[in-house]
2 protein chains.
Amino acid sequence: MGDAERESRILDAANDLITHYGYDKTTVDEIAREAGVSKGAVYLHFKGKEALFEALLLRESERVMDDMFARIEADPEGGTLFHVYGHALRAAITNPLIRALSTRDRRVLGDFARRFANMASPQDGMMFGREFIAHFQAAGLIRRDLSPETVTHLLVYMRYGFLMTESILPPEHTPPIDEIVAAMADMLSKGLAPDGQGDSETGKAIMRGYVAQLRAAIDERRGKLKKDE
Amino acid sequence: MGDAERESRILDAANDLITHYGYDKTTVDEIAREAGVSKGAVYLHFKGKEALFEALLLRESERVMDDMFARIEADPEGGTLFHVYGHALRAAITNPLIRALSTRDRRVLGDFARRFANMASPQDGMMFGREFIAHFQAAGLIRRDLSPETVTHLLVYMRYGFLMTESILPPEHTPPIDEIVAAMADMLSKGLAPDGQGDSETGKAIMRGYVAQLRAAIDERRGKLKKDE
DNA sequence: AGTTGACCAGAATCGTCAAACTGGTCAAAG
DNA sequence: CTTTGACCAGTTTGACGATTCTGGTCAACT
């Protein structure tokens, strides 16, 4: 078993246990056992429990980002902000840990919840923040008569509500995810896009730049994690 | 001091204390003192602490509803669903207790949080629920190609995010409430309204009916409260 | 008759302390 | 050189009784 594969197994185990029992109630011992290695081995790969968790968040963030990006590239109209938005939501809701992170679910994050009050995760902070929206506006993919801050707020509201669906609306009346996302994207494109919708390829180009930027941010954090070891 | 006025003072005191310290940490003794009456007097008006709180919720719900209704009637275009929606949000965010109720804020609701898992409040349950939306669709105020459930979800998402603003977005970048609500209403009207927007007066008529229905529901609950005494 | 506040039983809180557990280390085994 | 798991120090948990607090009542007072 290679080094990278073992690290990956440890992260898999941590992911399963933490999304199920929460950060606080998951012990390093359990993670090691679930991963089929000894506890010492865990400390060979990570500085400590916190660093392990952070590494896990980075990995899952990257996965969600890759997932989103793949969906965008595969979709002819994927570069429109509202398709971008839809693909981002689909990717995010699929990943339990990222969902917990985005909704600041204390049952999963435990003590870490406080840490995220200050430090926004790459996912959250950069994805639909002011700069991001301004960029899309400049490229003619969003109406320019709205301030970027306002657009950001609207998009974050919907994203938050969407990821909270299970908690706030009775599941028996919830339509399929695809139907909701489709309606959302459609509504947004009619409500926030300029006449003519803007050019999808331009949007894709922007997204490639952003994904690269996000990836760089993630790698930088990874580097810091390693250096602290 | 009349009987009704004293009851009102007790509710005022309870409102102040509970929105500030939360249900659990507010004692009947403090409520009585704040209201300038004895503890016994509180029990003359209400069966117990729970009944007092429920009465408070009913009063505040009714106030928010009245507020919303007044805004709608005063607005020439107030009958459009999206103006209705905007007025409902403005009214709701103004009232701390209703905001806490709508966001299921445990710090304020305390033990009561659980009770609302099953029993939806009139405000929440009826306001933008399936039936309500279906009604507006039938009246030609919302596109008919979307299922009422889907529309409900979209609206609830935005409402939830909007009422959570303070908790999820840094206040320094938050535009004025009016700007956000205006953008939201505009976006919704472009995205979810049929061509031609529909007739505002029709919407107002529907709203009058709904408000009457809500008021009846509130009065019924009030009656049950009194009966249990 | 209408109000009050002292009073009560049960619940929550505090303080304590021993047992169990947890993150982290490292000598020893492989 | 890599990996392990017994081990350690510090923390958390839980049981316990003492003490305070809280919702609710009711005899006494106005």
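None of the values given here were measured: they were computed from a predicted structure. To find a chain, count down the sequence lines: A is the first, B the second, and so on, and within it residues start at 1.
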Practice task
Run the numbers on B:His135 and B:Tyr210 for ring pair (Phe, Tyr, Trp, His ring centres under 6.0 Å), then give the verdict.
Solution key: CA-CA 10 Å; B:His135 216 134; B:Tyr210 257 93; 5.6 Å; yes

Exercise for the section: For the pair B:Arg63 and B:Glu60, find out whether any cationic side-chain nitrogen is under 4.0 Å from an anionic carboxylate oxygen. Expected result: yes

Practice task
Check the angle between the aromatic planes of B:Tyr23 and B:Phe53 and answer parallel, tilted or perpendicular using the 30° and 60° thresholds.
Solution key: tilted

Practice task
Please name the residue in the list A:Ile72, A:Leu188, A:Asp75 that meets the side-chain contact (heavy atoms from CB on, under 4.5 Å) test with A:His83.
Solution key: A:Asp75

Exercise for the section: Output yes when a side-chain donor or acceptor of B:Thr152 lies under 3.5 Å from a complementary backbone atom of B:Phe128, and no otherwise. Expected result: yes

Practice task
Measure from CZ on B:Phe112 to P on D:dG23 and round the result to the nearest Å.
Solution key: 12 Å

Practice task
With the side chain counted from C-beta on, respond yes when B:Arg9 and B:Val37 share a heavy-atom pair under 4.5 Å apart, and no when they do not.
Solution key: no

Handout entry: Spacing of A:Arg9 atom CZ relative to D:dT3 atom P, expressed in whole Å
Key = 13 Å

Atom pairs under 3.5 Å: protein N/O with N/O of nucleotides 20-28 of chain C:
from	atom 1	to	atom 2	distance (Å)
C:dG23	OP1	A:Lys49	NZ	2.8
C:dG23	OP2	A:Val28	N	2.9
C:dG23	N7	A:Lys39	NZ	3.2
C:dG24	OP2	A:Tyr43	OH	2.9
C:dG24	OP2	A:Lys49	N	2.8
C:dG24	N7	A:Lys39	NZ	3.1
C:dG24	O6	A:Lys39	NZ	2.3

Practice task
Using atom CZ of B:Arg33 as one end and atom C1' of D:dC21 as the other, report the distance to the nearest whole Å.
Solution key: 12 Å

Handout entry: B:Arg6 CZ - C:dG2 P separation (whole Å)
Key = 11 Å

